[in-house]
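Since the structure comes first, as structure tokens, the remarks are kept for the end.
In what follows, every heavy atom counts, from backbone to side chain, and hydrogens, waters and symmetry copies are set aside.
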Amino acid sequence: MAPSPTGPLHIGTARTSLYNYLFARHVGGAFVLRVEDTDAARGTSEWEQDIIDNLHWLGLSWDEGPQVAGGEDIGPHAPYHQSQRMDRYGAEADRLLASGRAYHCFCTPLELDAVRREQERTHQPPRYNGRCLALTDADRAAFAAEGRRPALRFAVPPEKIRFDDLIRGEVEFDNALLGDFVIVRGDGMPLYHFVVVVDDEAMGITHVVRGEDHLSNTPKHIALIRALGYREPIFGHIPLILNPDRTKMSKRKSQTAMTAYREQGYLPEAMVNFLAFLGWSPGTEEEIFTLAELAARFEITDVHKAGAVFDKDRLDYLNGVYIRTLTDADLAARLRPFLPNALGDELLLRLVPLLKERLVRLADATELAAFLTETDAQVAALYESDLLLAKGRSGPETEAALTAAQAAFRAAPAWEAEALEAVARAAAEAHGWKAGDFFRPIRVAVTGRMVSPPLFGSMELLGREQSRARLEAALERLRA
RNA sequence: GCCCCCAUCGUCUAGAGGCCUAGGACGCCACCCUUUCAAGGUGGAGAUCACCGGUUCGAAUCCGGUUGGGGGCACCA
């Protein structure tokens, strides 16, 4: 896997990494992480940090590569940062130049742009016109004297390239349709298509599993591989993850940063399960799998060819499923970052059973648990007196009901959910109200909200004093 | 424009010539359960398998074409 640190870990990159991981684990191979940081203008170590952190968060581990951002690379072919492998690229570029498979190009961006526009105007394919291929030594000397720094272009052999893709089967391209592309910039910086090929050889990469957006780059890579005398790896191009409108998933139209999902409280287990099924299925009706189970079942050749829309509803569903399978202690620990410190660990552990079935994302707990750490005044400020009214009931009627409830709670044998519920139900019946109607003003008074965790459990956790005080405050509000 | 890839319910998918009057899941609808919200249970709507031809006794599955969609064509990765 070779991410470029030009932004936070993208959902698509995460899925490609996952497939690489599953493939490598399934066949007993090595999963290699290489950082493609040749574009210094766009990449930052901050992004590398984000990428590595989130890959780890998903549970992916690699056999070779940087184990921590900024740390030392481990593996037999270190370093795994392209920015640290410049010597090798230089040497291989020289080889290509010496053998005549590549040549210096002195065209300026302006000139290239003009040519491209002219080609567009005359409906010609937009490719390099080969002008500098025919340069004489004198021409080159003249350009150099002008101060022009030549880029190195690969002279693409005009031949048909075919390869057997792990997922798509036999694919054929005609490289005669390609222009000679730049492999080293004028400033000496080697470019993607070139460094990828050099590194794959140097690192002994046998299988390249990447996004379908690279399918048409592959013939360039193969041409380069042949020119350099390298071994040809096996390629597999996985389908793209799509926006709802079926275009390639993008920041513009979807939430693509893995961090954002993590911050909302998606579980890595759910994300992995979800991502794995975007383009692959075990062929059965089972749908819940751990990473290890996926690795055991994953067959790269069963991966689909068509793109898959990122269906957030399904992710939400899966996340809920995973949350419900967590033990209370585990869920409490995972909930910790989403709740205020004022909510103690002991209280949190007692709260968890009340929340478990109600959470889609961990972050949903923030609102559901807020009533426990808000002050009585804050809670009272959350609602208007109208909110206390059960459907079709007046203020005085509700006041009477709430007064009856208050009295019932005072007589409760213990401040504990079951006892509270029993007395409340009895009071509701005595009052002639349906339980649901009777409970509504209590809920609003105690939590400040119409939606809350189960009422009596909530009151138990809140405690006798605060519950009574909030009930009293609501009563005052109704009298006013 | 050129090249390449793709095509089963709204979405993710099962399906490798007869088991398909196309199965599951999400979402949606209804009902049940129910203290709100959920969760759970039951049921339902939803796909002439993009279309047209062919091969075959038989095609969602094989072949060809059409249409539609997507991706790529940088001194980005």
What's the gap between [N] and [M] when it is taken at their [atom1] atoms, as a whole Å value?
N: B:C4; M: B:A22; atom1: P; answer: 37 Å
N: B:C51; M: B:A38; atom1: P; answer: 39 Å
N: B:C31; M: B:G72; atom1: P; answer: 48 Å
N: B:C3; M: B:A45; atom1: C1'; answer: 43 Å
N: B:A14; M: B:U61; atom1: P; answer: 16 Å
N: B:A60; M: B:U66; atom1: P; answer: 23 Å
N: B:A25; M: B:G15; atom1: C1'; answer: 15 Å
N: B:U8; M: B:G69; atom1: C1'; answer: 16 Å

What does [X] touch in the nucleic acid at a heavy-atom separation under 4.0 angstrom: a base, only the sugar-phosphate, or nothing?
X: A:H237; answer: nothing
X: A:A151; answer: base
X: A:G279; answer: sugar-phosphate
X: A:L112; answer: base
X: A:T284; answer: nothing

Nucleotide opposite [N] in a Watson-Crick or G-U pair, distances under 3.5 Å:
N: B:C28; answer: B:G44
N: B:A7; answer: B:U67
N: B:C62; answer: B:G54
N: B:C73; answer: B:G1
N: B:A14; answer: none

Proximity of A:F181 and A:F194 rings by center, below 6.0 Å: no
Distance flag, aromatic centroids of A:Y317 and A:F277, threshold under 6.0 Å: no
Under 3.5 Å between N/O atoms: give me all the protein pairs with nucleotides 33-36 of chain B, atom names plus distance.
{"residue": "B:U35", "atom": "OP1", "partner": "A:R425", "partner atom": "NH1", "Å": "3.1"}
{"residue": "B:U35", "atom": "OP1", "partner": "A:R425", "partner atom": "NH2", "Å": "2.2"}
{"residue": "B:U35", "atom": "O2'", "partner": "A:R443", "partner atom": "NH2", "Å": "2.9"}
{"residue": "B:U35", "atom": "O2", "partner": "A:R443", "partner atom": "NH2", "Å": "2.5"}
{"residue": "B:U36", "atom": "O2'", "partner": "A:M450", "partner atom": "O", "Å": "3.1"}
{"residue": "B:U36", "atom": "N1", "partner": "A:R443", "partner atom": "NH2", "Å": "3.4"}
{"residue": "B:U36", "atom": "O2", "partner": "A:S452", "partner atom": "N", "Å": "2.8"}
{"residue": "B:U36", "atom": "O2", "partner": "A:S452", "partner atom": "O", "Å": "3.0"}
{"residue": "B:U36", "atom": "N3", "partner": "A:R443", "partner atom": "NH1", "Å": "3.4"}
{"residue": "B:U36", "atom": "N3", "partner": "A:S452", "partner atom": "O", "Å": "2.6"}
{"residue": "B:U36", "atom": "O4", "partner": "A:R358", "partner atom": "NH1", "Å": "3.4"}
{"residue": "B:U36", "atom": "O4", "partner": "A:P454", "partner atom": "N", "Å": "3.3"}

For [N], does either OP1 or OP2 sit under 4.0 Å from a side-chain N or O belonging to [X]?
X: A:R153; N: B:A74; result: no
X: A:K312; N: B:C26; result: no
X: A:R324; N: B:A38; result: no
X: A:R246; N: B:A7; result: no
X: A:H304; N: B:U13; result: yes

5'-most by nearest nucleotide on RNA chain B - A:E357 or A:D245: A:E357
Nearest-nucleotide 5' precedence on RNA chain B, A:Q82 against A:A308: A:A308
Whole-Å gap separating [atom2] ([N]) and [atom1] ([X]):
X: A:I241; N: B:G69; atom1: CD1; atom2: P; value: 22 Å
X: A:E287; N: B:G24; atom1: CD; atom2: P; value: 12 Å
X: A:I167; N: B:G71; atom1: CD1; atom2: P; value: 18 Å
X: A:Y192; N: B:C73; atom1: OH; atom2: C1'; value: 15 Å
X: A:N175; N: B:G72; atom1: CG; atom2: P; value: 18 Å
X: A:M189; N: B:A74; atom1: CE; atom2: P; value: 20 Å
X: A:F289; N: B:A25; atom1: CZ; atom2: P; value: 15 Å
X: A:D313; N: B:U13; atom1: CG; atom2: C1'; value: 16 Å

Within a 6.0 Å radius of atom [atom1] on [X], are there more than 12 heavy atoms belonging to other residues, nucleotides or ligands?
X: A:K434; atom1: NZ; answer: no
X: A:E429; atom1: CD; answer: no
X: A:E416; atom1: CD; answer: yes

B:A74 base / A:R116 side chain donor-acceptor hit below 3.5 Å: no
Residue among A:D94, A:D199, A:T38 satisfying side-chain hydrogen bond (donor to acceptor under 3.5 Å, both in side chains) with A:Y89: A:D199
Given B:C73, B:U13, B:A77, the nucleotide with the shortest approach to the side chain of A:S281: B:U13
A:L240 side-chain proximity, nearest of B:G70, B:C12, B:A77: B:G70
Side-chain donor-acceptor contact under 3.5 Å, A:D165 with A:H237: yes
Stepwise side chain to side chain donor-acceptor pair (under 3.5 Å) test for A:T398 and A:R393: CA-CA 6 Å; A:T398 302; A:R393 304 290 186 177; over 6 Å; no
Ion pair check, A:R121 and A:E118, cut-off under 4.0 Å: yes
Audit row: A:Y266, A:Y322, ring pair (Phe, Tyr, Trp, His ring centres under 6.0 Å) steps and yes/no: CA-CA 9 Å; A:Y266 286 94; A:Y322 274 91; over 10 Å; no
What pairs of nitrogen or oxygen atoms, one from the protein and one from nucleotides 3-5 of chain B, lie under 3.5 Å apart?
{"residue": "B:C5", "atom": "O2'", "partner": "A:R168", "partner atom": "NH1", "Å": "2.6"}
{"residue": "B:C5", "atom": "O2'", "partner": "A:E212", "partner atom": "OE2", "Å": "3.2"}

Cation-pi, A:Y128 ring and A:R153 (6.0 angstrom, 45 degrees): yes
Criterion side chain to side chain contact (heavy atoms under 4.5 Å, CB included) on A:L420 and A:F409, from CA distance to verdict: CA-CA 6 Å; A:L420 293 171; A:F409 292 138; 3.7 Å; yes
Shortest non-hydrogen contact between A:A414 and A:A419, atoms and distance: O-CB, 3.5 Å
